[in-house]
Chemist: 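Next up is a structure, given as structure tokens.
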Amino acid sequence: MALRLGTIVQDLGGELLGDPNLDIEGLAPLETAQAKQLSFLSNPKFQHQLASTAASCVIVSPAMAEEAQKHVACIIVDQPYLYFARLTQLWRKVHAPLPGPYIHPSAVIDPSAQVHASARIGALCVVERNARIGADTELKSGVTVGERCAVGARCVLHSGVVIGADGFGFAKDGDRWEKIEQLGAVQIGDDVEIGANTCIDRGTLSDTVIEDGVKLDNLIQIGHNVRVGRNTAMAGCVGVAGSAIIGANCTIGGSAGVLGHLVLADNVHISSFSLVTRSIHKPGHYTGIYPLEDNSSWEKNAATLKQLAGLRERLRALENELKERKK
Amino acid sequence: MALRLGTIVQDLGGELLGDPNLDIEGLAPLETAQAKQLSFLSNPKFQHQLASTAASCVIVSPAMAEEAQKHVACIIVDQPYLYFARLTQLWRKVHAPLPGPYIHPSAVIDPSAQVHASARIGALCVVERNARIGADTELKSGVTVGERCAVGARCVLHSGVVIGADGFGFAKDGDRWEKIEQLGAVQIGDDVEIGANTCIDRGTLSDTVIEDGVKLDNLIQIGHNVRVGRNTAMAGCVGVAGSAIIGANCTIGGSAGVLGHLVLADNVHISSFSLVTRSIHKPGHYTGIYPLEDNSSWEKNAATLKQLAGLRERLRALENELKERKK
Amino acid sequence: MALRLGTIVQDLGGELLGDPNLDIEGLAPLETAQAKQLSFLSNPKFQHQLASTAASCVIVSPAMAEEAQKHVACIIVDQPYLYFARLTQLWRKVHAPLPGPYIHPSAVIDPSAQVHASARIGALCVVERNARIGADTELKSGVTVGERCAVGARCVLHSGVVIGADGFGFAKDGDRWEKIEQLGAVQIGDDVEIGANTCIDRGTLSDTVIEDGVKLDNLIQIGHNVRVGRNTAMAGCVGVAGSAIIGANCTIGGSAGVLGHLVLADNVHISSFSLVTRSIHKPGHYTGIYPLEDNSSWEKNAATLKQLAGLRERLRALENELKERKK
């Protein structure tokens, strides 16, 4: 379980200032790294940790190189964090390489489904009628891909993911609900990763679409007819209601939500716990979080919040009164 | 994959103004419909789309009929959206009819469980000891119905649903938690639909109850001892804490919550992302959402919110001061 | 399905005032209990129910004993609720004893995994390479324990739990995301209970850690590198972002959240629906919930909330003006 520094830079590039024969036995954060471990410095505000780290080598940007090499061997690269990401991939490839293509014997694959010969289908997966799984895509255990749904190439779907359950569509008939059959499917692009127990519903008439490069964390709900644009990323527990159209390169924080039928432009960033209640046409960072307080302060402020419109009126009345008096 | 207009009105009723021999090849929203597609107009505010739609036929209410028939064939019915729902069912029945009753060989059904002969049990389902599955009910793949839990007739449970996990009950014993065994079960009525990965916990002493006609979306958590009244619908990611009693014909928006032991009357409607913190005895529409803003505005307003009770005091002081001066 | 009062106090202790030969046929809340049922009174505010209960026996504290025995047989113990918890365990042991150790034949257990001989592994579970399952631990059906993850002794993992999916880690490479392989695992202590469909992600470089005695409800998301301290309990739908460190004996209410990299001290209690946005170093009760209102009031107050910082400025201006005039 070791990797020579020389092997690393040979594989991933970067300028090594240090002994290429040094064996690296692990990767670790700068603060907790031990001898024979390799770390990285991405955020300059942690620069002071260079002096005290026990790491044997640190990945740094050119700007940090001079300071770093006073204390420790280093690999100099333009984007240390990105380099670190690739290093984790190299590490895994060397120490725990993925198996070749396989379909676990416990998986239930409909004969009409098209599973690419290079795909890996884990234990207890279900791939239904006319579903398609692309090249080099991996379904971990217990993933469901519903009928006619398509997953692109190089995707990873984690355990418990459900692709293509019925969208939530009903018409009122008096008090009871009449089901609207969900006749569409789900189309997932290439290089998409979907976290454990996340659900993406099939469209009503056309398809729910997840574009290339989208990254979804665990326990996310994507409603029917939604479109999520390229490279958009969502953290855990997000809910996107039906027919929302989300642009490319967006980020949506954990437990945030998007109401139905809204449109979000590209490069929109939504904070955790914030609900998007109207379309957003301008890139930017949007937030709607009730601030945390100790409970007794919260009780007072929240009670007052319910009178806020009234307070505004009273303030206006005072302003008018003072204006009057000036006359 | 086509259906004649004449067949449709013969099956579902409605007055057809147009050629009964016309073949419909798909259903689509009014705005995106193509030739040979059938659409519907439910909300009068989209009436202007009638003039430009490429649809071959539109389902409309009597009030829209005159305008509609200037542009396109139409089916006139009192409730276009409800008719559309039934049309999706017809469409599915004709083009992708459900299979007959079956139990997938990979499902794990306890010998003591009672599965109705007309039920459909998907791949990798688990139906435990003494559980009951009603007539014409469908369990998609990977559904768990725990011991002694009962599911009524004509229900649909989507993939990953867990019925009858233990409710979350513990008593404190110093710092540690002593488990309260959950001795009840779950009773689900008829015509209930439950979305993917939704969980309904078993009751502590008596049963958690989901009444007839309830519709639950994906990733919902229903705690132990809860009762959900007839025809109530909940959108994705809702959490209902233990022992809450929710009335009939309620709607609960996505990611909303209901605290434990509360009572909600019939016909209560809770907005998305809102937390119900007290019982609601009056039908109506209730909301508690922090409004979304651009992040810098939010920072200012949220910081001020923490001083809100103080602002009210200062306002009151000013009001008093002005009153004093008047004397 | 009955248990003599004498047997109960023999097993669990407590002073019985009543006939030890009385057969108890069920446990029930005080308010709804019937004859031959045993109930408990924990909260003194429900003391008035003693007079009207139909229960045959009530578990009470010494302070309630005098009042209780006027109406009904009773078992006197210091902590009635804790005694009730143990009684549910006795009830279950007698009426529905757990089976001995087993591995369901449909479970997929990697040959390298170490499953303790006393563990119970339910239907359709997946236990991956080098995973470990401790003594007397029970995996209900459909649980996944990923490679190298370890679950301690006497744990209960409910259906659909996913331990060890990849943490959500990516580095930006222009617009696209480069995956950071998650090289750590998950370590779960002893006496941990994890609710249905809850997910605990594996760490990036080191392990995600759930300490002894932690209780997690359903549909919770625990991000990579998180540590949850001893005996901390979380209600359903909570999300804990990556690298958060949560202390011991904390409680986190339903649908609450903790942002990444934060530290929470021991004995911190977070209300439902509240987002922790900064580290909390002081034990206490913290809340951040937008209060629920009828929708029309909410509309007015929420609109005003967006002007709150401005209102504060106007208030300050008025205060200054009045001060000026006084001079």
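Bear in mind the structure is a predicted one, so any value in this text is a computation, not a measurement. Quick note on labels: first sequence line is chain A, next is B, and so on, each numbered from 1. Both backbone and side-chain heavy atoms feed into the values below; hydrogens, waters and symmetry mates do not.
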Chemist: With a 4.5 angstrom heavy-atom cut-off, could you sort out which part of H95(B) is near chain A: side chain, backbone, both or neither?
Modeler: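 When you check distances to chain A, no heavy atom of H95(B) falls under 4.5 Å.
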Chemist: What is the minimum heavy-atom distance between K179(A) and Q89(B), and which atoms define it?
Modeler: O-NE2, 2.7 Å
Chemist: I'd like to check R316(B) versus R314(A) (side-chain heavy atoms, cut-off strictly below 4.5 Å). Are they in contact?
Modeler: yes
Chemist: Mind checking whether L308(B) and L308(A) have side chains closer than 4.5 Å, heavy atoms only?
Modeler: yes
Chemist: Side chain, backbone, both or neither: which part of S271(A) has a heavy atom under 4.5 Å from chain B?
Modeler: side chain
Chemist: Is there a side-chain contact between L318(A) and L315(B) in this structure, where contact means two heavy atoms from C-beta onward sitting under 4.5 Å apart?
Modeler: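 Counting from C-beta outward, L318(A) and L315(B) do come under 4.5 Å.
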Chemist: Would you please test N295(B) and Y286(A) for side-chain contact (heavy atoms from CB on, under 4.5 Å) and show each step?
Modeler: CA-CA 5 Å; N295(B) 188 68; Y286(A) 299 84; over 6 Å; no
Chemist: Please classify the contact between S297(A) and chain B as side chain, backbone, both or neither, with a heavy-atom cut-off of under 4.5 Å.
Modeler: neither
Chemist: Quick check: closest heavy atoms across Q79(B) and K172(A), and the distance to 0.1 Å?
Modeler: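 Distance-wise, the nearest heavy atoms are OE1-O, 4.0 Å.
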Chemist: Looking at side-chain heavy atoms only, is the closest gap between V108(A) and S141(B) below 4.5 Å?
Modeler: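 No; the side chains remain at least 4.5 Å from each other.
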Chemist: Side chain, backbone, both or neither: which part of L183(A) has an atom under 4.5 Å from a heavy atom of chain B?
Modeler: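 When you check distances to chain B, only side chain atoms of L183(A) fall under 4.5 Å.
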Chemist: W177(A) and N231(B): which non-hydrogen atoms are nearest, and at how many Å?
Modeler: NE1-O, 2.8 Å
Chemist: Examine whether an atom of L305(A) lies under 4.5 Å from a heavy atom of chain B, and if so say whether it belongs to the side chain, the backbone or both; otherwise answer neither.
Modeler: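 Both backbone and side chain of L305(A) come within 4.5 Å of chain B.
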Chemist: Other residues, nucleotides and ligands only: do more than 12 of their heavy atoms fall within 6.0 Å of NZ on K306(A)?
Modeler: yes
Chemist: Is E321(B) atom CD crowded by more than 12 heavy atoms from other residues, nucleotides or ligands, each under 6.0 Å away?
Modeler: yes
Chemist: So, taking the atom named CD in Q221(A) and the one named CG in D217(B), what distance separates them when rounded to the nearest 0.5 Å?
Modeler: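 If I round to the nearest 0.5 Å, the distance is 5.0 Å.
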Chemist: Mark yes when over 12 heavy atoms from residues, nucleotides or ligands other than N320(A) sit less than 6.0 Å from its CG; otherwise mark no.
Modeler: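 Enclosed.
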Chemist: Please round to the nearest 0.5 Å and tell me the distance separating atom CG of L124(A) and atom OG of S106(B).
Modeler: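 Between atom CG of L124(A) and atom OG of S106(B) there are 8.5 Å.
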Chemist: Identify the two heavy atoms, one from A256(A) and one from F273(B), that lie closest to each other, and give their separation to 0.1 Å.
Modeler: C-CZ, 3.6 Å
Chemist: With the side chain counted from C-beta on, respond yes when R325(A) and L322(B) share a heavy-atom pair under 4.5 Å apart, and no when they do not.
Modeler: yes
Chemist: When you compare the side chain of H158(B) with that of V162(A), does any pair of heavy atoms fall below 4.5 Å?
Modeler: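 Contact flag for V162(A)/H158(B) side chains = no.
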Chemist: Side chain, backbone, both or neither: which part of I280(A) has a heavy atom under 4.5 Å from chain B?
Modeler: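 Only the side chain of I280(A) comes within 4.5 Å of chain B.
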Chemist: Less than 4.5 Å apart, any side-chain heavy atom of N218(B) and any of I222(A)?
Modeler: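 In short, these two side chains do not touch, never coming nearer than 4.5 Å.
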Chemist: Go through the steps to decide whether W91(B) and L205(A) satisfy the test side-chain contact (heavy atoms from CB on, under 4.5 Å), and finish with yes or no.
Modeler: CA-CA 11 Å; W91(B) 194 265; L205(A) 300 175; over 6 Å; no
Chemist: Which atoms of F84(B) are under 4.5 Å from chain A, going by heavy atoms: the side chain, the backbone, both sets, or neither?
Modeler: side chain
Chemist: Is I163(A) close to chain B through its backbone or its side chain, or both, or neither, when contacts mean heavy atoms under 4.5 Å?
Modeler: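 I163(A) has no heavy atom closer than 4.5 Å to chain B.
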Chemist: Could you check if a side-chain atom of D175(A) sits within less than 4.5 angstrom of a side-chain atom of R230(B), using non-hydrogen atoms only?
Modeler: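 No, every pair of side-chain atoms sits at 4.5 Å or beyond.
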Chemist: For chain B, find which of G257(A), A303(A), G288(A) contributes the most heavy-atom pairs closer than 4.5 angstrom.
Modeler: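 Answer, by heavy-atom pair count under 4.5 Å with chain B: G288(A).
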Chemist: For chain A, which candidate among G310(B), G253(B), A309(B), G142(B) shows the most heavy-atom pairs at distances under 4.5 Å?
Modeler: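 Highest number of heavy-atom pairs under 4.5 Å: A309(B).
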Chemist: One pair to check against side-chain contact (heavy atoms from CB on, under 4.5 Å): E293(B) and T287(A). What are the steps and the verdict?
Modeler: CA-CA 5 Å; E293(B) 303 182 84; T287(A) 306; over 6 Å; no
Chemist: Minimum heavy-atom separation for N197(B) and G160(A), please, with both atom names.
Modeler: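 Scanning both residues completely, I find the closest heavy atoms to be ND2-O, 3.3 Å.
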Chemist: What is the distance from atom CG of L259(A) to atom OG of S272(B), rounded to the nearest 0.5 Å?
Modeler: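 So the CG of L259(A) and the OG of S272(B) are separated by 5.0 Å.
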Chemist: Count the heavy-atom pairs under 4.5 Å between each of M234(B), K140(B), E299(B) and chain A, then report the option with the highest count.
Modeler: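 Winner by heavy-atom pair count: M234(B).
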Chemist: Please state whether the side chain, the backbone, both or neither of L216(B) comes within less than 4.5 Å of a heavy atom of chain A.
Modeler: backbone
Chemist: Could you tell me the separation between the CG atom of L311(A) and the CZ atom of R312(B), rounded to the nearest 0.5 Å?
Modeler: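 Interatomic distance, L311(A) CG to R312(B) CZ, rounded to 0.5 Å: 7.5 Å.
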Chemist: Identify which of I220(A), I180(A), I270(A) forms the greatest number of heavy-atom pairs closer than 4.5 Å to chain B.
Modeler: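 So the answer, after comparing I220(A), I180(A), I270(A), is I180(A).
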Chemist: Any chance you could lay out the salt bridge (Lys or Arg N to Asp or Glu O under 4.0 Å) test for R86(B) and D173(A), step after step, and finish with the verdict?
Modeler: CA-CA 11 Å; R86(B) 289 182 180 139; D173(A) 178 19; 2.9 Å; yes
Chemist: Run the numbers on S159(B) and V126(A) for side-chain contact (heavy atoms from CB on, under 4.5 Å), then give the verdict.
Modeler: CA-CA 10 Å; S159(B) 294; V126(A) 175; over 6 Å; no
Chemist: Measure the spacing between CH2 of W298(B) and NE2 of H285(A) and express it to the nearest 0.5 Å.
Modeler: 8.0 Å
Chemist: Using a cut-off of under 4.5 Å for heavy-atom pairs, which of L219(A), I289(A), D201(A) has the most such pairs with chain B?
Modeler: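 Top count of heavy-atom pairs under 4.5 Å with chain B: I289(A).
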Chemist: What closest approach, in Å, do S274(A) and L292(B) show between heavy atoms, and which atom pair accounts for it?
Modeler: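 Of all heavy-atom pairs spanning S274(A) and L292(B), the closest is CB-CD1, 3.7 Å.
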